[in-house]
J.: 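Here it is: the structure, laid out below.
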Amino acid sequence: MGEDNQVLTYEEGWRSSPELAELIKFETPLSLRDSYSHWCVTAVQRPDTQKEARLLHFMHEMADGEFAWLVLLTKDDHLEEETLHVLDTSKHYLNITSRYQNKKTELTSRQIELSSVKKDRDFLEERLVSADKMAMLGQLAAGIAHEINNPIGYVRSNTVVAKEIFSDYQHALEEIGKLCRTAGGEVESQFEALEKRFSLQESASEITEMFNESHEGIERIIEIVKALRSFSYPGSGKHTQISAIDAMNTVIKLTNNLHRYKNKLNVEVPDKDVYFLGNAGQIQQVLVNFVTNAIYATPEGKSITLKVQQDDKSAMLIVEDEGIGMSKETLDRIFTPFFTTKPPGEGTGLGMSISMTIVEEHNGKINITSEEGKGTRVTVLLPLA
């Protein structure tokens with residue numbers, strides 16, 4: 001019987017019979033959800049002939065929570081052997097089909113589960129390898145920073161001493177010049193000729209400028225090494241008073257090579273410094289992660305702004321960018337471990353989740369607002385010292 005009130009009859013095949021269809025639906029226990037494996041017989045009155053008849057029905061549970069009924073409407077209890085054979089064959093066919101469908105569905109489900117487990121395992125293995133590489137890279141960076149620290153100290157000391165010695169030579173040369181001009185005559189003319197020949201004044205000025213540039217470069221290397229060491233060795237879990245401005249300046253030095261030729265970096269800090277309690281290395285790790293993400297998301301020529309602010313209870317470390325922004329779906333998953341929008345091999349997907357953990361351990365919180373095509377603002381709030 002179909003949904004269009006068509007019933008299959010022995011004499012006429014499929015034909016429309018709303019009365020018989022309604023009778024079959026009414027007398028068959030369609031609401032039952034426990035399958036019965038035997039034939040049931042119900043005495044009914046046919047609406048078309050007004051005669052008593054017998055309704056034989058059998059129900060079996062199929063796959064995916066579906067149920068099937070075999071229903072036969074006959075005039076009495078006497079059935080031909082051929083009819084009984086057809087009914088019995090149909091019943092067994094239904095049972096076999098049901099078991100096959102159930103096994104097939106179960107097998108398909110298991111295959112999907114195994115495939116999903118394998119994908120998850122491969123994904124986690126790849127991310128763990130990446131995380132391990134990052135940890136090794138941090139250790140390597142710390143070792144390099146330590147090795148650089150000693151020789152750069154020698155260079156710094158020797159440069160300072162050489163500059164002082166050159167300054168003494170320069171003063172001595174000026175005194176000699178004065179004596180020669182006082183003596184006059186041939187002595188003065190020969191000194192002026194030598195001075196002009198070797199460009200003593202110009203050379204002295206250039207060498208002084210070279211010493212100043214070298215000293216500036218050495219100091220910058222020392223600051224980078226200090227920042228790298230504090231980043232690689234976050235120290236003990238003890239919290240100390242930290243300058244928000246110093247924390248931002250350290251991050252700028254650590255990420256300078258990433259943004260120097262790509263983005264304009266603006267820094268807005270208050271006249272009076274803001275202090276909070278925390279682990280300097282861990283907070284630098286958080287800020288480096290946010291600034292690196294901003295650089296990655298911001299097109300060349302666009303700006304990134306770092307701000308230090310405070311309210312009544314918190315120091316506010318802010319990273320704003322004019323980047324591509326994030327969708328609501330990305331924002332909802334931003335702190336999910338191993339989630340990343342970067343291409344394969346360029347991100348572990350651990351930075352944001354680790355940053356959240358660090359900030360929560362500092363009794364702080366992270367607020368992120370973003371609009372696609374306009375940029376992102378990340379605010380780290382930490383309790384004031």
J.: Can you confirm whether M316 sits close enough to D311 that some side-chain heavy atom of one is under 4.5 Å from a side-chain heavy atom of the other?
T.: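 Heavy-atom side-chain distance check passes, below 4.5 Å.
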J.: If every non-hydrogen atom of P299 is compared with every non-hydrogen atom of E322, which pair is closest and at what distance?
T.: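 Reported closest heavy-atom pair: CD-O, 3.9 Å.
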J.: Testing the basics here: between L317 and A244, what is the closest heavy-atom pair and its distance to 0.1 Å?
T.: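 Looks like CD2-CB, 3.6 Å.
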J.: Measure the shortest side-chain to side-chain distance between S327 and L331 over non-hydrogen atoms and say whether it is less than 4.5 angstrom.
T.: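 The answer is no; the side chains never approach within 4.5 Å.
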J.: Would you mind reporting whether L254 and I252 have side-chain heavy atoms less than 4.5 Å apart?
T.: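 Result no, sub-4.5 Å side-chain heavy-atom pair not found.
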J.: Side chains of F166 and T208: closer than 4.5 Å at any heavy-atom pair?
T.: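 Yes, close enough: below the 4.5 Å cut-off.
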J.: Rounded to the nearest 0.5 Å, what separation is found between the CZ atom of F290 and the OG atom of S355?
T.: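 One finds 4.5 Å between CZ of F290 and OG of S355.
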J.: Rest of the hydrophobic cluster containing Y169 (Ile/Leu/Val/Met/Phe/Trp/Tyr, side-chain heavy atoms under 4.5 Å)?
T.: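 Answer for Y169: V161, I165.
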J.: Using the side chain to side chain contact (heavy atoms under 4.5 Å, CB included) criterion, which residues pair with V44? Sequence neighbours excluded.
T.: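 Per chain and number, V44 pairs via side chain to side chain contact (heavy atoms under 4.5 Å, CB included) with L23, E27, T42, A53, L55, L73.
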J.: Report yes if the side chains of S205 and E209 come closer than 4.5 Å at any heavy-atom pair, otherwise no.
T.: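 No, every pair of side-chain atoms sits at 4.5 Å or beyond.
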J.: What I want to check is whether the side chains of E186 and Q190 have a donor and an acceptor closer together than 3.5 Å.
T.: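 Yes.
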J.: For E372, enumerate each residue passing the salt bridge (charged side-chain N to carboxylate O under 4.0 Å, His left out) test, keeping only those at least two apart in sequence or located in another chain.
T.: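 Not a single residue meets the salt bridge (charged side-chain N to carboxylate O under 4.0 Å, His left out) criterion with E372.
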J.: When you look at NZ of K307, are more than 12 heavy atoms from neighbouring residues, nucleotides or ligands closer to it than 6.0 Å?
T.: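 Counting other residues, nucleotides and ligands, NZ of K307 exceeds 12 neighbours.
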J.: I need the T379 OG1 to L382 CG distance, nearest 0.5 Å.
T.: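 One gets 11.0 Å once the value is rounded to the nearest 0.5 Å.
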J.: When you group the ILVMFWY residues by side-chain heavy-atom contacts below 4.5 Å and let the links chain together, are I358 and F276 in the same group?
T.: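 Cluster IDs for F276 and I358 match.
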J.: Where do T376 and S370 come nearest, in terms of heavy atoms and distance?
T.: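 Distance-wise, the nearest heavy atoms are OG1-OG, 2.8 Å.
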J.: Can you tell me which residue among D332, T369, I334 is in a side-chain contact (heavy atoms from CB on, under 4.5 Å) with M326?
T.: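 So, applying the side-chain contact (heavy atoms from CB on, under 4.5 Å) to M326 and each of D332, T369, I334, only I334 qualifies.
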J.: Taking everything shown except Q201 itself, do over 12 heavy atoms lie less than 6.0 Å from its CD?
T.: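 No, the 6.0 Å shell around CD holds no more than 12 heavy atoms from other groups.
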J.: Kindly work out whether a path of hydrophobic side-chain contacts (I/L/V/M/F/W/Y, heavy atoms less than 4.5 Å apart) joins V378 to I245.
T.: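 Same hydrophobic cluster.
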J.: Side-chain heavy atoms under 4.5 angstrom apart, residues restricted to Ile, Leu, Val, Met, Phe, Trp, Tyr: same cluster for I318 and M356?
T.: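 Cluster IDs for I318 and M356 differ.
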J.: The criterion is salt bridge (charged side-chain N to carboxylate O under 4.0 Å, His left out); which residues satisfy it with E219, sequence neighbours excluded?
T.: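 Checked E219 against salt bridge (charged side-chain N to carboxylate O under 4.0 Å, His left out); matches are R156.
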J.: Could you list the residues that satisfy salt bridge (charged side-chain N to carboxylate O under 4.0 Å, His left out) with K51, not counting sequence neighbours?
T.: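 By the salt bridge (charged side-chain N to carboxylate O under 4.0 Å, His left out) rule, K51 matches no residue at all.
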J.: For E216, I'd like to know if atom CD has over 12 heavy atoms of other residues, nucleotides or ligands within 6.0 Å.
T.: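 No.
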J.: Could you work out, with salt bridge (charged side-chain N to carboxylate O under 4.0 Å, His left out) as the rule, every residue matching E188, not counting sequence neighbours?
T.: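 So E188 forms no salt bridge (charged side-chain N to carboxylate O under 4.0 Å, His left out) with any residue.
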J.: Which pair of heavy atoms, one from Q170 and one from A204, lies closest together, and at what distance?
T.: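 The pair with the smallest heavy-atom distance is NE2-CB, 3.5 Å.
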J.: Are P47 and L20 side-chain neighbours, meaning at least one heavy-atom pair lies under 4.5 Å?
T.: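 With C-beta onward as the side chain, the pair touches.
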J.: Is there a donor-acceptor contact under 3.5 Å linking the side chains of T298 and N263?
T.: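 Side-chain D/A pair, T298 to N263: absent.
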J.: Do V291 and L381 share a hydrophobic cluster, counting only Ile, Leu, Val, Met, Phe, Trp and Tyr and linking them when any side-chain heavy atoms are less than 4.5 Å apart?
T.: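 Looking at the clustering, L381 is in a separate group from V291.
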J.: M352 versus I368: any side-chain heavy-atom pair under 4.5 Å?
T.: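 Yes, close enough: below the 4.5 Å cut-off.
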J.: Does the pair E195/R181 count as a salt bridge with the N-to-O cut at 4.0 Å?
T.: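 Here E195 pairs with R181 in a salt bridge, since their nearest N and O are under 4.0 Å apart.
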J.: Compare all side-chain heavy atoms of L258 with those of K262 and state whether any distance is below 4.5 angstrom.
T.: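 Result no, sub-4.5 Å side-chain heavy-atom pair not found.
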